[in-house]
Trainee: 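Starting off with a structure, shown below.
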Amino acid sequence: MRVRFAPSPTGFLHLGGARTALFNWLLAKQNNGVFILRIEDTDAERSTEESTGQILDSLQWLGLQWDEGPYFQSQRLELYREHIERLYKEGKIYPAFESPEELEAERERALAEKRNPIYNRASLRLPKEEVDRRLAAGERFVWRFKVPDEGHTDVPETLMSGAADCKFENAAMGDFVISRAGTMKEPGWPLYNFCCVVDDALMGISHVIRGQEHLSNAARQVLLYQAFGYPVPTFTHLPLIMKNNKKMSKRDKDADPAFPVSVSGRRDLGYLQEATVNFISLLGCSYPMEEEIFPVDVLIKNFNLDRLQKSNANFDEDKYLFQNAWYLRNLPREDVVERVKPFIEAAGYDWERAAPVSHGAEKWLADIIGLEIERCKLLSEFPAALSYFFIAPSEYEQRGVTKIFHNEGVPELLDAVAEALLLTTPFTKEAMEDALRRLGDAKGLGFGKIAQPVRLAATGRTASPGLFDVLEHLGREEVIRRLVKAKEWLQSNPKT
RNA sequence: GGUCUGGUCGUCUAGGGGUUAGGACACCGCCCUUUCACGGCGGUAACACGGGUUCGAUUCCCGUCCAGACUGCCA
């Protein structure tokens, strides 16, 4: 089995493309096949090297390593031209001289008259002498494929159309362009539908898996395979991935920047590679496993084209986030710590300096990440979640001030806690808990009555990881400092 | 307009002529608990509509409706 992923380098790799690549890759892995990467860069206007680099990066980040390629269509022009020549000699294509403007006008006329806007074959009806003369004169033209007038073309499709062949009426297809405008001396670059067929045939692609938006292209491509006498691969057209009931597209200018459509954008927001692969594998496909979280090797074993869904899939941000959070919690901790580090550093937090002297900095960082890990869904959330370990609170959560700080006797309580913690040795969570529980007993206070104000004083928040874990990792000095500061703040901001 | 494809909880989906229509996310409730979160348990919630075929249709067939893709000298 030979499969391929063939992106055009006109932007980043988007999640839909990533899924297409993944499904191809899975099939190759599963069947000991070959996964080929081909860059479809025949649109010189839009293709960029930068984009190619980004696409390769993203594929590698996802772990979708190709076995062959990348091939670049821009380096295979000779091949395409030979094929064009062949079709021309066999009378299967013809030059068409209309300008884009003429075509556009004709198209609008057709639409206005409610006719199907397909090419009217004006150039096909030109006398041979005229064609030869204009060609010799160096007039610009495009190559058009002569589609049979009658009959229909069957696309061997494994998914859509009930996995029966998909039939397309030839008469409705129109003579499509296979090569951009050029002259005999300076031919234009060939077009997608054409290159794709030549390459897939020459590269021995046995199975084409791509988005459903290509289904109608497939009919034209089948015609080309037949024209060349090349074997037609089988096609599987995947249901589209929808966002807001529209096809999720990298060309969507209205896309919400908080939910990037690109793989790299997700990576930069702190989505994990494992979660991304897992999540996109679920879009339009199901697996025999009950659980929806599974490692990639299980995915390879269980992926099956028969289990593809035919209807379009909506991109569910909540589920993606859920899976990301799951991987955050369940991947080896050291591994997660390494991935969080850059985000912490980018936020300007110097964890080596912030760690209390009593803790090793590396261990301390790993510990505090562990403390907040259950409250984070993305790597990018850690800096904000951990901020109180780096910066003492300068203000306190409003809800906490009214519901906790403004209770009777809080300033005295903070004093008493500071005093107790000053004497607590070692400064461990067990010893602290012991000390504060005893303090509570002595004052006749429920434990929550003590923990809540201390938490607010230490973190500025009403919610945090276990209080004593936090205190221990803040270090005694800092905790005392914050308790004193909170008391002072309360004295200058009393209940009104 | 034309061509093509699709339609099961809000979302992703399993299923398939007879099921209490199953799971996951989200949501709600309870438990755990120093808070939040995690975790555990439970709950609300779906076969687009109309005709057939059939003893029986969500499942098969046909229409309708709705949705989407394509309709480029983009891929």
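Worth saying up front: this structure is predicted, and the values here are computed from it rather than measured. Here is the naming used below: chain letters follow the sequence lines, and residue numbers restart at 1 for every chain.
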Trainee: When rounded to the nearest Å, what value does the distance between P atoms of B:U13 and B:G51 take?
Mentor: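 That atom pair is separated by 30 Å.
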
Trainee: Using 30° and 60° as the class boundaries, would you call the ring planes of A:F23 and A:F303 parallel, tilted or perpendicular?
Mentor: tilted

Trainee: Could you check how far CD of A:E157 sits from C1' of B:A69, rounded to whole Å?
Mentor: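 A:E157 atom CD is separated from B:A69 atom C1' by 13 Å.
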
Trainee: Expressed in angstrom and rounded to an integer, what is the separation of A:N278 atom CG from B:C25 atom C1'?
Mentor: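 Computing the A:N278:CG to B:C25:C1' distance gives 13 Å.
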
Trainee: The side chain of A:F447 is closest to which nucleotide in this list: B:G6, B:U34, B:A14?
Mentor: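 It is B:U34.
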
Trainee: Should the heavy atoms of other residues, nucleotides or ligands under 6.0 Å from CD of A:E102 be counted, would the total exceed 12?
Mentor: yes

Trainee: Have a look at A:E40 and say if it touches a base, only the backbone sugar-phosphate, or nothing, with a 4.0 Å heavy-atom cut-off.
Mentor: sugar-phosphate

Trainee: From the set B:U34, B:G39, B:A75, return the single nucleotide nearest to any side-chain atom of A:R329.
Mentor: B:G39

Trainee: Among all residues two or more places apart in sequence or in another chain, which pass the salt bridge (Lys or Arg N to Asp or Glu O under 4.0 Å) test with A:R144?
Mentor: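 With neighbours one apart ignored, the set is empty.
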
Trainee: Below 4.0 angstrom from OP1 or OP2 of B:A37, is there any side-chain N or O of A:R461?
Mentor: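 No, no such contact exists.
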
Trainee: Does a side-chain N or O of A:R115 approach OP1 or OP2 of B:G1 to a distance below 4.0 Å, or not?
Mentor: no

Trainee: Checking side chain to side chain contact (heavy atoms under 4.5 Å, CB included) between A:L386 and each of A:I391, A:L371, A:I369, which is the one that passes?
Mentor: A:I369

Trainee: Could you please name the partner base of B:U64, counting Watson-Crick and G-U wobble pairs only when both distances are under 3.5 Å?
Mentor: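 Paired with B:A48.
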
Trainee: Parallel, tilted or perpendicular for A:Y320 and A:F315, by the 30°/60° rule?
Mentor: perpendicular

Trainee: Relative to the 5' end of RNA chain B, which residue comes earlier, A:R220 or A:F168, by the nucleotide with the nearest heavy atom?
Mentor: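 Nearest-nucleotide comparison on RNA chain B picks A:F168.
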
Trainee: Mind checking salt bridge (Lys or Arg N to Asp or Glu O under 4.0 Å) for A:K92 and listing every partner two or more places apart, or none if nothing turns up?
Mentor: A:E90

Trainee: Take the protein atom CD1 of A:I450 and the nucleotide atom P of B:U33, then report the distance between them rounded to whole Å.
Mentor: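 Roughly 18 Å, once rounded to whole Å.
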
Trainee: Of all the nucleotides listed (B:A14, B:A69, B:G6), which has the minimum atom distance to the side chain of A:Q309?
Mentor: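 Looking only at side-chain atoms, A:Q309 lies closest to B:A14.
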
Trainee: Each nucleotide in nucleotides 40-49 of chain B should get exactly one letter: B, S or -. Can you fill that in based on protein heavy atoms under 4.0 Å?
Mentor: ----------

Trainee: Rounding to an integer number of Å, can you tell me how far A:E45 CD sits from B:A75 C1'?
Mentor: 14 Å

Trainee: Can you name the residues that form a side-chain contact (heavy atoms from CB on, under 4.5 Å) with A:F343, not counting sequence neighbours?
Mentor: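 Checked A:F343 against side-chain contact (heavy atoms from CB on, under 4.5 Å); matches are A:L379, A:S380, A:P383.
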
Trainee: Hey, does A:S464 reach any base, or is it just sugar-phosphate, or nothing, if we go heavy atoms under 4.0 Å?
Mentor: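 Counting heavy atoms under 4.0 Å across all strands, the contact made by A:S464 includes a base.
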
Trainee: Counting only side-chain heavy atoms from C-beta out, which of B:U34, B:A69, B:C73 sits nearest to A:L191?
Mentor: B:C73

Trainee: Report the nucleotide, chosen from B:A75, B:C73, B:G7, that has the shortest atom-to-atom distance to any side-chain atom of A:S311.
Mentor: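 Looking only at heavy atoms from C-beta outward on A:S311, the closest nucleotide is B:G7.
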
Trainee: Checking A:E113 now: which residues fulfil salt bridge (Lys or Arg N to Asp or Glu O under 4.0 Å) with it, not counting sequence neighbours?
Mentor: A:R115

Trainee: Got a sec: does the CD of A:E50 have more than 12 other heavy atoms crowding it under 6.0 Å?
Mentor: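 No, the 6.0 Å shell around CD holds no more than 12 heavy atoms from other groups.
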
Trainee: Please report, rounded to the nearest Å, how far the P atom of B:U13 is from the CZ atom of A:F303.
Mentor: 13 Å

Trainee: Assign A:S99 to base, sugar-phosphate, or nothing according to its heavy-atom contacts below 4.0 angstrom with the strands shown.
Mentor: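 It contacts base atoms.
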
Trainee: I'd like a table of atom pairs between the protein and nucleotides 26-32 of chain B - only N or O on both sides, under 3.5 Å - with the distance next to each one.
Mentor:
none

Trainee: Got a sec, which residues hit side chain to side chain donor-acceptor pair (under 3.5 Å) with A:E317, two or more places apart in sequence or on another chain?
Mentor: A:K243, A:R266

Trainee: Could you tell me which residues satisfy side chain to side chain donor-acceptor pair (under 3.5 Å) with A:R437, sequence neighbours excluded, listed by chain and number?
Mentor: A:E433

Trainee: Going by salt bridge (Lys or Arg N to Asp or Glu O under 4.0 Å), name the residues that satisfy it together with A:K146, two or more places apart in sequence or in a different chain.
Mentor: none

Trainee: Whole angstrom is fine here: how far is it from CH2 in A:W189 over to C1' in B:G72?
Mentor: 18 Å

Trainee: Over how many whole Å does the gap from A:K167 atom NZ to B:U3 atom C1' extend?
Mentor: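 Roughly 15 Å, once rounded to whole Å.
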
Trainee: Strictly under 3.5 Å: I want the nitrogen or oxygen pairs between protein and nucleotides 60-68 of chain B, one per line.
Mentor:
unit_1: B:G68; atom_1: O2'; unit_2: A:N312; atom_2: ND2; d: 3.4

Trainee: A:E113 CD to B:G2 C1': how many Å, rounded?
Mentor: 15 Å

Trainee: When both hydrogen-bonding distances must be under 3.5 Å and the geometry is Watson-Crick or G-U wobble, what is B:U58 paired with, if anything?
Mentor: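 Pairing partner, where one exists within any strand: none, as none qualifies.
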
Trainee: Taking only the side-chain heavy atoms of A:E374 (C-beta and beyond), determine which of B:A37, B:C12, B:C73 contains the nearest atom.
Mentor: B:A37

Trainee: Just N and O in the side chain of A:S286: are any of them under 4.0 Å from OP1 or OP2 of B:A14?
Mentor: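 Checking B:A14 against A:S286, a side-chain N or O does come within under 4.0 Å of OP1 or OP2.
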
Trainee: Mind checking the CD1-OG spacing from A:I55 to A:S8? Nearest 0.5 Å is all I need.
Mentor: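 A:I55 atom CD1 to A:S8 atom OG measures 6.5 Å (nearest 0.5 Å).
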
Trainee: Could you tell me the Watson-Crick or G-U partner of B:U33, where both distances fall under 3.5 Å? Say none if there is no partner.
Mentor: none

Trainee: Return the nearest nucleotide to the side chain of A:A313; candidates are B:C4, B:A69, B:U13.
Mentor: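 Minimum distance to the A:A313 side chain belongs to B:U13.
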
Trainee: Mind running a 4.0 Å heavy-atom check of residues 451-460 of chain A against RNA chain B and sending the residues that fall below it, in number order?
Mentor: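 Here the set is A:A451, A:Q452, A:R455.
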
Trainee: Of all residues at least two apart in sequence or in a different chain, which pass the side-chain contact (heavy atoms from CB on, under 4.5 Å) check with A:A6?
Mentor: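 Listed in chain order: A:R4, A:R38, A:E40.
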
Trainee: How many angstroms lie between CD in A:Q398 and OG1 in A:T462, if you round to the nearest 0.5 Å?
Mentor: 11.5 Å

Trainee: B:U3, B:G1, B:C73: which one has an atom nearest the side-chain heavy atoms of A:A172?
Mentor: B:U3

Trainee: In terms of relative ring orientation, are A:F141 and A:W143 parallel, tilted or perpendicular, with 30° and 60° separating the classes?
Mentor: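 Rings of A:F141 and A:W143: perpendicular, over 60°.
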
Trainee: So A:T462, base contact, sugar-phosphate only, or nothing? Heavy-atom distance under 4.0 Å.
Mentor: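 Base contact.
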
Trainee: Between A:E106 and A:Y119, does any side-chain donor sit less than 3.5 Å from a side-chain acceptor?
Mentor: no

Trainee: C1' atom, B:C28 versus B:U44: distance in rounded Å?
Mentor: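 Taking atom C1' in both B:C28 and B:U44, they lie 7 Å apart.
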
